[in-house]
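Here the structure is a predicted model, which means the values were calculated and not measured. Residue numbers start from 1 in every chain, and the chains themselves are labelled A, B, ... in the order their sequence lines are given, proteins ahead of strands.
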Number of protein chains: 2
Amino acid sequence: MFKEAFRTVGHMNDEPRWLTAEEQLVWRSYIEAATLLEDHLDRQLQRDAGMPHVYYGLLVKLAESPRRRLRMTELAKYAKITRSRLSHAVARLEKNGWVRREDCPSDKRGQFAILTDEGYEVLRRTAPGHVNAVRQAVFDRLSPEQQKSLGEIMRIVAEGLQPSEAGADLPWLR
Amino acid sequence: MFKEAFRTVGHMNDEPRWLTAEEQLVWRSYIEAATLLEDHLDRQLQRDAGMPHVYYGLLVKLAESPRRRLRMTELAKYAKITRSRLSHAVARLEKNGWVRREDCPSDKRGQFAILTDEGYEVLRRTAPGHVNAVRQAVFDRLSPEQQKSLGEIMRIVAEGLQPSEAGADLPWLR
DNA sequence: CTCCATTACTTGAACTCTCAATCTCTATCC
DNA sequence: GGATAGAGATTGAGAGTTCAAGTAATGGAG
């Protein structure tokens with residue numbers, strides 16, 4: 001991005017590897033789609049479920065977990081957000097009565113976030129509409145090959161950004 | 001998302017079309033990668049350029065525009081954000097001295113956002129680092145075919161979410 | 001020329017997110 | 001067992017975003 005504007009400027013020739021024209025187009029498309037999509041889903045869920053997309057994701061993770069509960073740090077890890085952000089989010093969801101906290105008996109520092117029945121009910125009511133929105137925006141528009149491809153690509157990108165998944169507990173191997 | 005939990009519940013059989021197992025994996029990968037990526041770039045730019053990714057994008061659009069200026073609405077359209085959001089953003093960028101506003105002579109309601117020399121300088125200084133971050137996170141990890149594929153896919157998704165691009169001025173055709 | 005629906009943009013309040021503390025508890029080292 | 005580095009989680013302040021409501025100018029229609 002931002003190649004042409006500088007082409008005639010620098011001559012120290014440690015010129016950075018600017019994106020090619022094709023790469024720029026790809027990147028632009030990605031940014032646009034990601035922005036529009038997140039926006040779209042945020043609005044859809046804000047309207048129909050009274051929460052942003054991230055919060056909805058948290059409820060889903062909890063619903064999928066044994067006993068509908070997860071330690072805060074676990075939940076943060078799964079949702080790819082910071083603990084701080086999660087703290088604020090859970091505080092809000094707690095206020096809504098969709099999540100409650102419970103102390104971890106084995107580690108007094110720990111907290112469980114637990115999906116309440118009310119929270120589960122919200123999911124049950126709004127999940128169909130949300131799946132539908134996702135379908136309409138994404139899956140209904142892509143061929144099976146494209147869907148597969150998208151999955152592979154995004155898995156690669158995600159892994160590259162993961163705070164060292166494999167060997168995370170073996171730091172000397174890095 | 002959130003399929004299994006309900007499989008045994010509803011029997012009115014207007015059952016929504018839940019995502020298949022494969023679709024769920026794709027969707028999960030997408031969300032994770034998009035979250036991690038936007039986060040990563042936000043941090044990178046906040047650290048090196050003192051602004052979030054969206055703001056950086058605004059400066060880039062301005063830099064690419066004739067006379068380094070764009071009407072507010074145009075800029076908002078290109079960046080896929082609301083006018084409100086843009087107003088706040090430009091206010092901030094103005095405070096930094098990276099953008100200034102100017103009245104539109106032909107339409108007294110209109111405003112130009114204009115990239116200042118200082119703003120241009122910030123871009124010049126920080127663009128290489130940012131391109132590098134994007135390469136590392138995305139392009140260096142994908143094969144040419146995957147890059148091409150990503151571009152096509154995201155273009156399709158973006159077009160589907162566009163507030164009616166084609167025929168936007170011919171509403172009766174919709 | 002006068003309405004007035006529409007367009008361009010801004011504003012403020014409520015909400016969300018980030019970042020840098022902070023607090024408590026755990027585990028390790030000797 | 002006492003010191004202390006680190007882990008788990010929260011907090012508050014500042015920055016960014018959304019949403020609804022606002023101001024001001026435009027462009028027809030009659």
### Task
Output all residues satisfying side-chain contact (heavy atoms from CB on, under 4.5 Å) with B:L41, sequence neighbours left out; order by chain, then residue number.
A:W27, B:L37, B:H53, B:H130, B:A133, B:V134

### Task
For B:R85, enumerate each residue passing the side-chain hydrogen bond (donor to acceptor under 3.5 Å, both in side chains) test, keeping only those at least two apart in sequence or located in another chain.
none

### Residues in salt bridge (Lys or Arg N to Asp or Glu O under 4.0 Å) contact with A:R28, at least two apart in sequence or another chain
B:E64

### Task
Can you sort out the partners of B:R83 under side-chain contact (heavy atoms from CB on, under 4.5 Å), two or more places apart, ordered by chain and number?
B:T73, B:A76

### Task
List the protein contact pattern of nucleotides 9-20 of chain C with one symbol per nucleotide (5' to 3'): B for base contact, S for sugar-phosphate-only contact, - for none; contact means a heavy-atom distance under 4.0 Å.
BBBB---SSBB-

### Query
Can you name the salt bridge (Lys or Arg N to Asp or Glu O under 4.0 Å) partners of B:E23, sequence neighbours left out?
A:R135

## Note on the structure
Contacts of A:E121 meeting salt bridge (Lys or Arg N to Asp or Glu O under 4.0 Å) (sequence neighbours excluded), chain-then-number -> A:R124

### Query
Contact boundaries of DNA chain D with chain B (under 4.0 Å, heavy atoms), 5' to 3'?
D:dG16 to D:dT26

### Summary
Contacts of A:R69 meeting salt bridge (Lys or Arg N to Asp or Glu O under 4.0 Å) (sequence neighbours excluded), chain-then-number -> A:E102

